[in-house]
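Model, not experiment: these values are computed from the prediction.
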Amino acid sequence: MARPFDVVELESKWQQRWRESGLYEVDNDDPRERFYALCMYPYPSGAAHQGHVRNYTFGDLVVRYQTMLGKAVLSPFGFDSFGLPAENAAIKAGSHPRIFTDQRIEELKSSVQKLGAVYDWRREVHSHDPDYIKNSQLIFLKFFEAGLAYRANAPVNWCPGCATVLANEQVNGDGTCDRSGDLVERKNLEQWFFKITDYADELLNEVDGLEWPERVKTMQRNWIGRSEGAEFALSVDGQPDVALRVFTTRPDTGFGVTYAVVAPEHELLPTLTTPEQAAAVSELVERARGASELERTASSDSGAGLDKRGAFTGSYVINPFTGDKVPVYVADYVLGTYGTGAIMAVPAEDERDYAFAQVHGLPVVRTVAPPEDFDGGAYAGAGVKINSGFLDGLDVDSAKKAAIEFVVKNAAGESKVNFRLRDWLVSRQRFWGCPIPVVYCDGCGIVPVPVEQLPVVAPDDVAMNKSGQSPLATHEGFRNTTCPTCGGAARREADTMDTFTDSSWYFLRFTDPFTAGKPFDPTEAAKWMPVDQYIGGIEHAILHLLYARFYMKALVDVGLAPGLPREPFKKLFTQGMIRMGGSKMSKSKGNLVAPQQYYDSVGADGLRLFHLFVGPPNEDFDWTDQTNDVIDGCARFIDRLWRLAELEDVVWRDTADESDLAIRRATHKTIVRVTEGFEKWGYNTGVAALMELLNALSKWARDAHGAHRATFDEALDTMCLLLAPMAPHVASELWARRHGDDQFVHAQSWPTADPAMLVDDTVTMVIQVAGKVKARLEVAADISEEAAIAAALQEPSIAALLGGAAPSRVIARPPKLVNIVP
RNA sequence: GGGGGCGUAGCCCAAUGGCAGAGGCAAGGCGCUUAAACCGCCUCCAGUGAGGGUUCGAGUCCCUCCGCCCCUACCA
């Protein structure tokens, strides 16, 4: 595209001037009202792609807009610089992940700066900086001290491709690794956990008060997965010392329990298995152990394969409600990790139990009367209790309460709340992460590394591999140490922490990156927290946001963040994703579109305007063949504005006339529309409003009728101000050309509309008959209801339609509409 | 299976329950030009996925269905 100015030169000039001006460097004691705007800090994967562009454009808009509203806006940037891709790349290249990472950081930083996004770079943070590592470790030790970090042998998700353990959150629904796509295996290992489950209730309850997208809030609630019910014991027939504890959300269905099921991992399974059934049970257990999650969850609807996925143990338990003996099965549809790992099965009121019962020929006893027209198997809805002894006639909710009372008295029961949320497994058998700061001593056990010895930093000469063993474990110099307590020989922990631990507190470090010796000074952090506006992708709706919320609460509780709010992010905005050819634009899909070519042609401003204009920010959009044309269109808008500002052959009039009034009104209405766009994340309509104003202004200024200077200046200055957050470079340049080279448009106040300019003298009033538009009338804007009705009825075409008959009803919404119902 | 979102012109998208069109892209035309591009001006195009309901009035609210997308899932 031929541009009326040198876009590359202009943009780099202003980027330099912003840096030099320090306009967006804010100090913690800034007297202005504070505002903390934050985009999720990125993993440094190389030069920016359109997803970054979109993200940081929105973030920059918030920063520049809030600044023009007179606030001190904290706008920090940093890098989530630990992680697998760098380690894998280093293994491949035979180099060190730090080299790779630092390179990528420079690339991403440079392309973000070329976007014209402004940050307080003095506060830049990298997760892999020794200082950051030290503080991450200090937090770990505080968690350990408080009992929030613990070590346990646990079945874990092992990804053979990544050669590491994964958190539950990193395993896909089909049992594959979120990152590599490999099938995840189950292994028992000694691992470090964070006790996020201690906060399950708080994490759930406080979701309600967050100004977050409903969708994200729902996802958080579902992930935490609170279920209310009862836990009680089933006594085992013939084994008086053994009881099988089960959890249910439907204690009211107790009379319908026709069998029980334990998970293949259940500790009582050997006790329950009779010699006759041993072969069948062990076959089932082997199958379940070897089976991937994928196989294990397959065909759950159809019931196909269920015969092979369950086996009778040979034992019976007593249904405490009926006193009946019911068989105990082992089946892989019951999970060892949820509830007690055992269930009471009620085929009549649970679909999975029903499908299993059908296959294994187990009886079905209804305890809730289904609706008359019900013809399915299990009925899980509301209704009246039947076949349920003392519960008969009750509704489900009352019956639940009564049944819980019953099991409390008769079956060692209690009402119980279970969560789907598990403790957070933070150990990773990888090199490029924050080392876990503990040592193991034969005499003293687990010993935390003393704070004054932090950070524990990995040596550079570690052989990285994918053997599944932590690379640090192979480095004798690192591994062998002395016990801080007894001075004897000890071994360092060789695992590193999940990188989600780094991203769980970086927003706090940003508030106070200068304090040494601790993660942040609470009084400094309290000046900015919580983050007023957090911006990021929907892909972080569960993991990152949940972990960060947990960290915030835990940091307060362990005393590192006294006085700070327990929720870190007040408002959250999740941007829509960019699709291309039907799938998400991503590095792994190889369908990235780099911004550089656009920086060179339409400029960052043109590209920014495109991302703002293409549609609502929270909605996805498709990058198509037509997209480049639309981007050109956005640059064309900038060019048209430029030419108008530089237009020389305007006929200037000395006095204002009616046409000036129209332009002034258009100008002030545009202020309202663009401001609303900023407040309601409707940038697309804001850009459209600016285009509209430019069209009107351009036509008016070029007309032989001529323009009045003050009107023109007001309109053009207003456009520069409104565009300052959206297209900051060209807005800066035009402002400086109009007001002097030392003038910054971004140091100006956001314009406010004159209310007098927002009302028109006359309005087109629509006259409807029975809801259909029949006539239009130009009326005074302040017309009364009576006058509007009178005018409508007097309108000849309306009078003719009514034929002299009195209308049965007239609805007037002056001055816009009168609706006559004949 | 559960949850959420979307469906308006050839395309992207606007419309506090009140005239379906603000803006852009594409297409076509005119002007400018030796010509083209650029630039300026103009034109064209849908009755809102389907069907019900509420209302004086529905793209908008409610219900059913269709299509596409995202998230989630043996969680007892």
Using Watson-Crick or G-U wobble geometry with both distances under 3.5 Å, which nucleotide pairs with B/rU43? B/rA27
Could you tell me which residues satisfy side chain to side chain donor-acceptor pair (under 3.5 Å) with A/Thr667, sequence neighbours excluded, listed by chain and number? none
For nucleotides B/rG2 and B/rA9, find the distance between their C1' atoms and express it as a whole number of Å. 37 Å
Using the closest heavy atom to pick a nucleotide of RNA chain B for each, name whichever of A/Thr218 or A/Ile343 lands nearer the 5' end. A/Thr218
Partner residues of A/His540 under the ring-ring contact (aromatic ring centres under 6.0 Å, His included) criterion, sequence neighbours left out: A/His544
Figure out the CG/C1' separation between A/Leu644 and B/rC39, and round it to whole Å. 14 Å
Results of ring-ring contact (aromatic ring centres under 6.0 Å, His included) for A/Phe678 - residues two or more places apart only: A/Tyr65, A/Tyr683, A/Trp750
Scanning all shown strands, the Watson-Crick or wobble mate of B/rU34 with both distances under 3.5 Å is none
Say you pick atom C1' in B/rG29 and the same atom in B/rC12; how far apart are they, in whole Å? 24 Å
Of the options B/rC25, B/rA73, B/rG4, whose atoms approach the side-chain atoms of A/Trp223 most closely? B/rA73
What residues, two or more places apart in sequence or in another chain, satisfy ring-ring contact (aromatic ring centres under 6.0 Å, His included) together with A/Phe232? none
Nearest nucleotide by nearest heavy atom, which residue falls closer to the 5' end of RNA chain B, A/Arg809 or A/Cys634? A/Cys634
Should the heavy atoms of other residues, nucleotides or ligands under 6.0 Å from CD of A/Gln358 be counted, would the total exceed 12? yes
Where the chi angle of B/rG59 falls, syn if within 90° of 0 and anti if not: anti
A/Ile578 atom CD1 is separated from B/rC70 atom P, nearest whole Å, by 15 Å
Inter-nucleotide P distance (B/rC11, B/rG47), Å rounded: 12 Å
Give the rounded distance in Å between these two atoms: CG of A/Asn618 and C1' of B/rC71. 15 Å
Between the base of B/rC75 and the side chain of A/Arg226, is there a donor-acceptor distance below 3.5 Å? no
What nucleotide among B/rC70, B/rC75, B/rA26 has an atom nearest to a side-chain atom of A/Tyr338? B/rC75
Can you list every pair that meets side chain to side chain donor-acceptor pair (under 3.5 Å) and has a residue in residues 609-619 of chain A, with sequence neighbours left out? A/Gln50-A/His611
Please identify each residue that fulfils ring-ring contact (aromatic ring centres under 6.0 Å, His included) with A/Phe637, with sequence neighbours left out. none
Every protein N/O within reach of nucleotides 40-44 of chain B N/O, cut-off under 3.5 Å:
| residue | atom | partner | partner atom | Å |
| --- | --- | --- | --- | --- |
| B/rG40 | OP1 | A/Arg640 | NH1 | 3.4 |
| B/rC42 | OP1 | A/Lys699 | NZ | 2.7 |

Rounded to whole Å, how long is the line connecting atom CG of A/Asn222 with atom C1' of B/rC70? 14 Å
Whole-Å gap separating P (B/rA76) and CD (A/Glu351): 13 Å
What is the distance from CD1 of A/Ile538 to P of B/rG3, rounded to the nearest Å? 18 Å
Counting neighbours of NZ on A/Lys816 that are heavy atoms of other residues, nucleotides or ligands and sit closer than 6.0 Å, is the number greater than 12? no
How far does the P atom of B/rC70 sit from the matching atom of B/rG52, given to the nearest Å? 32 Å
Say we look at B/rA20 and B/rG59: how far apart would their P atoms be, to the nearest angstrom? 8 Å
Once you apply the 3.5 Å cut-off to both distances, tell me the Watson-Crick or G-U wobble partner of B/rG1, or none. B/rU72
Please give the distance between the P atoms of B/rC25 and B/rC38 as a whole number of Å. 12 Å
Residues that A/Asp620 engages under side chain to side chain donor-acceptor pair (under 3.5 Å), provided they are two or more places apart: A/Arg579
Just the rounded figure in Å: distance from C1' of B/rC75 to CG of A/Asp353. 13 Å
C1' atom, B/rU55 versus B/rC63: distance in rounded Å? 16 Å
Aromatic ring pairing A/Phe610/A/Trp623, orientation class (parallel under 30°, perpendicular over 60°, tilted between): perpendicular
Residue A/Met691, side-chain atoms from C-beta onward, closest of B/rG24, B/rA76, B/rA26: B/rG24
Base-contact (B) and sugar-phosphate-only (S) positions in nucleotides 10-20 of chain B, heavy-atom cut-off under 4.0 Å, - elsewhere: BBSSS---BB-
Determine which nucleotide pairs with B/rG51, using a 3.5 Å limit on both distances of a Watson-Crick or G-U wobble pair. B/rC63
Scanning both residues in full, the closest heavy-atom pair of A/Ala348 with A/Val365 reads CB-O, 3.2 Å
Protein-nucleotide distance (A/Tyr259, atom OH; B/rA76, atom P), rounded to Å: 16 Å
Considering non-hydrogen atoms only, spot the tightest contact between A/Leu284 and A/Val330 and give its length. CD1-CG2, 3.8 Å
Taking the C1' atom of each, how far is B/rC13 from B/rA26, in whole Å? 14 Å
So what's B/rG18 paired with, Watson-Crick or G-U wobble, going by both distances under 3.5 Å? B/rC56
